[in-house]
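Residue numbering restarts at 1 for every chain, and letters A, B, ... go by the order of the sequence lines. What you are looking at is a predicted structure, and each value in this text was computed from that prediction instead of being measured.
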There are 2 protein chains.
Amino acid sequence: MTEHSQTRWLDDREQRIWRTFMSASIELQAHLDRQLRVDAGMPVAYYEILVMLSEAPGRSLRMSRLAELCNSSRSRLSHAVAAMEKSGWVSRCAIEGDRRGAVAKLTDAGYEVLRQAAPGHVTEVRETLFEALTEEQVQVLGEIGAALKARLKERGCSRYGRGDTC
Amino acid sequence: MTEHSQTRWLDDREQRIWRTFMSASIELQAHLDRQLRVDAGMPVAYYEILVMLSEAPGRSLRMSRLAELCNSSRSRLSHAVAAMEKSGWVSRCAIEGDRRGAVAKLTDAGYEVLRQAAPGHVTEVRETLFEALTEEQVQVLGEIGAALKARLKERGCSRYGRGDTC
DNA sequence: AACAAGTAGTTGAGCTCTCAACACGGAAGC
DNA sequence: GCTTCCGTGTTGAGAGCTCAACTACTTGTT
């Protein structure tokens, strides 16, 4: 793609940085997803759900809150929890005071599965991310993440917001 | 998850950085994907394929080479090209000298679709990524991307390599 | 009280991705 | 020449995701 309007294109350096970053983060996600599928039989998205539940008081959270914490649409979470309910890792029940609501609760079996899966996953994160970077890079990575999230939040929902969450 | 073995867990700071980074990059990808679906009727993965083809000599590439360039498995690429062939954006034909091979070629219609899609996508990348970061952060981001890719390459295919590409 | 508007969660259809299996041609050994 | 192994690309099944539509409940307005 070349110039043909008032669009401000990316120069070579920007393009290189952009592509490198995207491909690295996609590969990293794919790598971690594969590791969890092989070793724990679940995609990384499900792992995140289990983690959030395990850290919550009573090991349970309202669906909408859980969706926020997992960067998930309500719909995706609903499907995911339904699948994990079938596996016996999570159970759903009604909430008091709001008859629309539902809470997801981590079962003992789910906790056990998570306990088995966690060491391998954390080790993989450490070895592929933290050990690959210098201390300064790690620091800046945190700042970059925060800046990007802030940026997306501020302008995100206006034009291309998730039909579900926004 | 708490301690219970010799696993070296992430401390609070590492955990915060890790989650912020992952959630930012997932949200960014989702944002760009939605933008392209809405404005150009294609997922970002398809857009990448069209871009790679458009930059190649003869606007065509061998499937396996195209898969590398797009960080895609052969299988995924095959499905994607099949779908885009139906849309008339890409055509496939045999390659000379190796009767196993196949080349994908960007059609004129495909080029036109890409030409329409590119400005919106690039603008979105600029506004959500480059304009959100300082010059120094952009620089470091490039270095981080390169370091992660190198790390994944060096150890990736050994244990959790893609069954297809590796 | 009644109605409109907003919120919570689910569902089904269609799409994309992953994985494993397959078909087939090329390259290397003997 | 034959066999064995590797590389290339496709296919089908099944899993997971997105989107839009829908139900059911709550909140705000008049």
Enquirer: Find which nucleotide of DNA chain D each of B:R92 and A:R99 is nearest to by heavy atoms, and output the residue with the more 5' nucleotide.
Expert: B:R92
Enquirer: To the nearest 0.5 Å, how far apart are NZ in B:K149 and OG1 in A:T20?
Expert: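 Taking NZ in B:K149 and OG1 in A:T20, the distance rounds to 6.5 Å.
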Enquirer: Output the rounded distance in Å from CG (B:L32) to C1' (D:dT18).
Expert: 16 Å
Enquirer: Side-chain contact, heavy-atom cut-off 4.5 Å: B:E14 with A:R126?
Expert: yes
Enquirer: Measuring from the side chain of A:A102 (C-beta onward, heavy atoms only), which nucleotide among D:dG9, C:dG9, D:dT18 has the closest atom?
Expert: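 When the side chain of A:A102 is considered, C:dG9 is the closest of D:dG9, C:dG9, D:dT18.
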Enquirer: Among C:dC17, C:dT16, D:dG16, find the nucleotide with the atom closest to the side chain of B:A45.
Expert: C:dC17
Enquirer: Side-chain contact, heavy-atom cut-off 4.5 Å: A:Q137 with B:V140?
Expert: yes
Enquirer: Can you check whether A:S64 has a side-chain N or O nearer than 4.0 Å to OP1 or OP2 of C:dG9?
Expert: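 Yes, because at least one side-chain N or O of A:S64 sits under 4.0 Å from OP1 or OP2 of C:dG9.
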Enquirer: Contact class for B:D33 vs. all strands (heavy atom < 4.0 Å): base, sugar-phosphate, or nothing?
Expert: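 Nothing: the residue B:D33, judged by heavy atoms under 4.0 Å, touches no strand.
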Enquirer: Mind calculating the distance between NZ (A:K86) and P (D:dA15) to the nearest angstrom?
Expert: 9 Å
Enquirer: Less than 4.5 Å apart, side chain to side chain, heavy atoms only: is that true for B:E112 and B:T107?
Expert: no
Enquirer: In this structure, how many angstroms lie between the C1' atom of D:dT18 and the CD atom of B:E27, rounded?
Expert: 16 Å
Enquirer: How many whole angstroms separate atom CZ of B:R65 from atom C1' of D:dG9?
Expert: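 Whole-Å distance recorded here is 17 Å.
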Enquirer: Rounding to an integer number of Å, can you tell me how far B:E96 CD sits from C:dG26 P?
Expert: 13 Å
Enquirer: Please check the phosphate of C:dT11 (OP1 and OP2 only) for any side-chain N or O of A:R74 closer than 4.0 Å.
Expert: no
Enquirer: Which part of the nucleic acid, if any, lies within reach of B:A82 when heavy atoms closer than 4.0 Å are counted: base, sugar-phosphate only, or nothing?
Expert: nothing
Enquirer: Within the 4.5 Å heavy-atom criterion, are A:S78 and A:R92 side-chain neighbours or not?
Expert: yes
Enquirer: Nearest whole Å is fine: how far is C:dT7 P from A:R62 CZ?
Expert: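 One finds 13 Å between P of C:dT7 and CZ of A:R62, rounded.
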Enquirer: Can a side chain N or O of B:Y46 be found less than 4.0 Å away from OP1 or OP2 on C:dT16?
Expert: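 Answer is yes, contact under 4.0 Å.
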Enquirer: Is A:R16 salt-bridged to A:D12, going by a charged N under 4.0 Å from an acidic O?
Expert: no
Enquirer: Quick check: any donor-acceptor pair below 3.5 Å linking the side-chain of B:H79 to the base of D:dG12?
Expert: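 Per atom types, the contact qualifies.
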Enquirer: Any N or O donor-acceptor pair linking the side chain of B:S75 to the base of D:dT10 at under 3.5 Å?
Expert: no
Enquirer: On DNA chain C, nearest-nucleotide positions of A:R37 versus A:I95: which is more 5'?
Expert: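 Residue closer to the 5' terminus by nearest nucleotide: A:I95.
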Enquirer: Ignoring hydrogens and angles, answer whether the base of C:dT7 and the side-chain atoms of A:R100 contain a donor-acceptor pair closer than 3.5 Å.
Expert: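 For A:R100, whose side chain was compared with the base of C:dT7, there is a donor-acceptor pair (under 3.5 Å).
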Enquirer: Measure CD/A:Q29 against C1'/D:dC17 and give the value in whole Å, please.
Expert: 14 Å
Enquirer: Whole Å only: how far is the CE atom of A:M63 from the C1' atom of C:dT11?
Expert: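 Result: 13 Å.
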Enquirer: Closest to the A:R76 side chain: D:dC25, D:dT18, D:dG9?
Expert: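 Nearest to the side-chain atoms of A:R76, counting from C-beta on, is D:dT18.
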